[in-house]
Amino acid sequence: PPGSKSLGRREIREMPGVLDDPYRAIEVQPGVTPAASGVPYYFIRGAPPGNIGYFFDGIDVPLLFHAGGGPSVIPAAMIRRVEFTPGPYPAILGRFAGAIVDAGSTPPADAWRGIFSFRALDVGGFVEGPLSEDVSVLVGGRYSAGAALLSALVPLVSLEYGDYQARATWRPSRGERLSVLAFGARDYLAIATDGDAKNREVFLDSDFHRVDLRYERESAQGDRLLAAVTLGLDQSR
């Protein structure tokens, strides 16, 4: 749509300060202001973070970044591009007063690849590759293995998060693709009140899960047909 901005993987990798996180790349766009320095929640053209829609392949992502200013729940290597639409945006991605950020996934890999990350607070990665000429699979995840160390060093803070991704793709014929995508995340953040580590106030304790089944077909003329069904479960305690 007019006024939207498309950011590719190469452009995102070369951006300073985004930590190779495609969703953070919108921070340097005009009209975007972080809620706080280094925190990946934004005011866009005056709209608060709760009025901004985040999507992955057209699937809504209710909690995009992990608790405590952590990484996004979708691995960077699974994202091919990010479409930033401050408005107006397509009706299919509507129902938000603010902007829309929709990330497109990378196509199924033709050769096996694996990407892993080891950070102070978490470990994660994924493996993807073809099982046959027409079938490919992807499995990945992240867990806050170092959060227990943080909680030990700072007893007043309790932090835990994790996420998972899985995808299977089948090409029944040329130009056709049938795929199943599942992903989700869990976050927990509690802070002790009155300096008592046993008396904690829970700021965030939630998880979400998505399962998407879709059929795609592209003709020789470039016309594209997409039919999809998405099931979701969101929980907040």
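Note that the structure is predicted; figures quoted are calculated from it, not measured.
- Heavy atoms only, all atoms of each residue included: P86 and A99 are closest at CA-CB, 3.7 Å.
- Shortest non-hydrogen contact noted between P34 and E27 is CG-OE2, 3.5 Å.
- The aromatic rings of H66 and Y161 lie parallel to each other, with less than 30° between the two planes, well short of the 60° mark.
- In this structure, R217 places its CZ atom where only 12 or fewer heavy-atom neighbours from other residues, nucleotides or ligands lie under 6.0 Å away.
- Linking ILVMFWY side-chain heavy atoms closer than 4.5 Å, directly or via other members, places W170 and L213 in a single hydrophobic cluster.
- Between D102 and D57, the shortest heavy-atom distance links the atoms OD1-N, 3.6 Å.
- There is no path of hydrophobic side-chain contacts, each under 4.5 Å, that joins L233 to F208.
- No more than 12 heavy atoms of other residues, nucleotides or ligands lie within 6.0 Å of CD in E133, so this atom counts as exposed by the packing criterion.
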Yes or no on side chain to side chain donor-acceptor pair (under 3.5 Å) for T230 and D212, after CA distance, side-chain angles and deciding distance?
CA-CA 4 Å; T230 303; D212 179 81; 2.5 Å; yes

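- Between R186 and D163, no side-chain nitrogen of the basic residue sits less than 4.0 Å from a carboxylate oxygen of the acidic one, so the salt-bridge criterion is not met.
- Salt-bridge annotation for D234 and R210: present, with a side-chain N of the basic residue lying under 4.0 Å from a carboxylate O of the acidic one.
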Yes or no on side-chain contact (heavy atoms from CB on, under 4.5 Å) for E176 and Y215, after CA distance, side-chain angles and deciding distance?
CA-CA 8 Å; E176 287 185 300; Y215 169 79; 2.2 Å; yes

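- Closest non-hydrogen pair, F84 versus I44, comes out as CE1-CD1, 3.8 Å.
- A salt bridge does not link R224 to E218: none of the charged nitrogens lies less than 4.0 Å from a carboxylate oxygen.
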